[in-house]
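Input: a single structure, listed below in structure tokens.
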Amino acid sequence: MKTTALITNDQVQKQDLEESEALSLLSSTQSIIKEAIQKLGFSSDMYELLKEPLRILTVRIPVRMDDGSYQIFTGYRSQHNDSVGPTKGGVRFHPEVTEEEVKALSIWMSLKCGITNLPYGGGKGGIICDPRNMSFGELERLSRGYVRAISQIVGPTKDIPAPDVYTNSQIMAWMMDEFSCLREFDSPGFITGKPIVLGGSQGRETATARGVVISIEEAAKKRGIDLQGARIVIQGFGNAGSFLAKFMHETGAKVIGISDAYGALYDPEGLNIDYLLDRRDSFGTVTNLFTNVITNQELLVKECDILVPAAISNQITAQNAHDIKASIVVEAANGPTTLEATKILDERGILLVPDILASAGGVIVSYFEWVQNNQGYYWSEEEVAEKLRKIMVDSFKTIYETSQAHQVDMRLAAYMVGIRKPAEASRFRGWV
Ligand code: NAD
């Protein structure tokens, strides 16, 4: 058996910080929901219903490690509101997962599904672990154990998981196989983000980045920015950030900055994106190959036209919002900008496209995957791209017009559009 490592003071402080950051994510989400609900004229009972998930399950998952020892992992599945339809949302494998964060993320999924008019409520899952230090076999046993632990509350018509930070199509495949074994039938619609041969959709892997590109195009039109030669900085070089860098580079924009968890690369003349894509590892790490690395915080305040945080939450804060040089900020990551920073950017006239709109491409194509699984008939990549574009453009238009009509920032406008559907569905069901 492995001996349990002693927890140092530094680790305790880091844990406290993570918990308080997650709490602030949840409380700032709740305060915008409250404002949106008031503006829409719903009662305060509606706020009481929607401010927290309806259901959250905490599970402990024993996993046999490769050295013969056992480790018990903690995981969560949160279901915010299922008045519209089954809940839907990714599963995150990360050492900094907390219950509060999973709750907030599940609320955002309800908002995303509301904005894009998908027949779902929001769900989210997470396991506290560091997949970068786990073998393939350990990850497979953890993924299967998680599905066994949450199997009672998930399923193709109840709650449909998907990939998120540090989870991928292989992990979805193991999870689907475990669920199929438990239920004794093939259930491709139980989970999305699967490999194509197991019922995955064309275009799923690149969907989030495609949706961010469409958001950038629409925002650039509003600000009269020509994307040919426009200077773009992207924080994060994982699924969302690296495909975004590739697509923006292909459209003729100049990607002048990228980063990962270990640092950032910046070149005002434009980075060699093909080289970086070729060299990045499966966790989105590439800066470890270079010596001229700057910090993530330095990158965010560099001169550029468009800034895309595509890594983790709480990156643009009251401390650095005054120094952001971009005229457009498009949030590919979930929760990268704090509430105070949102206000500062708005006052400075910077157009911020909020996460629940900009990063909705992933859940839209996940929905397409589920539809294809249910009907057993599969679409071409072109068909998927065309349908995705229509939903993103329409959603951007609705939110931009709402922000103009109500004289509110794009984030509050997005919350107003997103919360209306679960609120109306809950009212029709007679819940409040
Ligand atoms: P990923 O795991 O593929 O990549 C994460 C990237 O962020 C990596 O480059 C990693 O090095 C970097 N990173 C990790 N910790 C960091 C830190 N402390 N500072 C700076 N960089 C750090 O994840 P992803 O799927 O690309 O997701 C990125 C963000 O986009 C997340 O906030 C996620 O919730 C959001 N998102 C992703 C999808 C999707 O379909 N992939 C959909 C919606 C939203």
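Counting starts at 1 for both ligands and their atoms, in listed order.
Under 4.0 angstrom from ligand 1, the non-hydrogen atoms of K112 all belong to its side chain. At a heavy-atom cutoff of 4.0 Å, ligand 1 is contacted by the backbone of F283 but not by its side chain. Using a 4.0 Å cut-off between heavy atoms, P163 makes no contact with ligand 1 at all. Of the heavy atoms in R92, only side-chain atoms (C-beta onward) come closer than 4.0 Å to ligand 1. Within the 4.0 Å heavy-atom criterion, the part of N296 lying near ligand 1 is the side chain and not the backbone. The part of R204 lying near ligand 1 is the side chain, judged by heavy-atom distances below 4.0 Å.
The local environment of CD in E386 is sparse, with at most 12 non-hydrogen atoms from other residues, nucleotides or ligands closer than 6.0 Å. Within 6.0 Å of atom NZ in K387, more than 12 heavy atoms from other residues, nucleotides or ligands are found, so the atom counts as buried in its surroundings.
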Return a table of donor-acceptor pairs under 3.5 angstrom between the side chains of residues 230-248 and protein atoms on other chains or two or more places apart.
| unit_1 | atom_1 | unit_2 | atom_2 | d |
| --- | --- | --- | --- | --- |
| R231 | NE | D305 | OD2 | 3.3 |
| R231 | NH2 | D305 | OD1 | 3.2 |
| Q235 | NE2 | N296 | OD1 | 3.0 |
| Q235 | NE2 | Q315 | OE1 | 2.9 |
| N239 | ND2 | E205 | O | 3.0 |
| S242 | OG | G238 | O | 2.7 |
| K246 | NZ | E250 | OE2 | 3.0 |

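Taking all heavy atoms of A332, S359, G211 into account, the minimum distance to atom 35 (C) of ligand 1 is reached by A332. Comparing heavy-atom distances from atom 31 (C) of ligand 1 across P336, A311, A240 singles out A311 as nearest.
Regarding atom 11 (O) of ligand 1, its nearest protein heavy-atom neighbour is A261 N, 2.9 Å. Of all protein heavy atoms, the one closest to atom 41 (N) of ligand 1 is N239 OD1, 3.2 Å. Protein heavy atom nearest atom 40 (O) of ligand 1, with residue, atom name and distance: T208 OG1, 2.6 Å. Nearest protein neighbour of atom 6 (C) of ligand 1, counting heavy atoms only, is G238 N, 3.8 Å.
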Margin query: Walk me through whether F136 and W174 qualify under ring-ring contact (aromatic ring centres under 6.0 Å, His included).
Written below: CA-CA 11 Å; F136 228 54; W174 289 324; 5.3 Å; yes

Margin query: Walk me through whether Y166 and R132 qualify under side chain to side chain donor-acceptor pair (under 3.5 Å).
Written below: CA-CA 8 Å; Y166 292 162; R132 290 167 295 188; 3.1 Å; yes

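The shortest heavy-atom distance from K124 to ligand 1 is not under 4.0 Å.
Using a 4.0 Å cut-off between a side-chain N of Lys or Arg and a carboxylate O of Asp or Glu, D164 and K124 qualify as a salt bridge. At a threshold of 4.0 Å, the pair R420-E424 counts as salt-bridged, since one of the basic side-chain nitrogens sits closer than that to a carboxylate oxygen.
Those atoms of ligand 1 that come under 4.0 Å of a heavy atom in A333, given as number and element, are 29 (C), 30 (O), 32 (O), 35 (C).
A cation-pi geometry, defined here as NZ or CZ lying under 6.0 Å from the six-membered ring centre and within 45° of its normal, holds between K222 and Y400.
The side-chain hydrogen bond (donor to acceptor under 3.5 Å, both in side chains) test with D260 is passed by exactly one of T287, N288, T285: T287.
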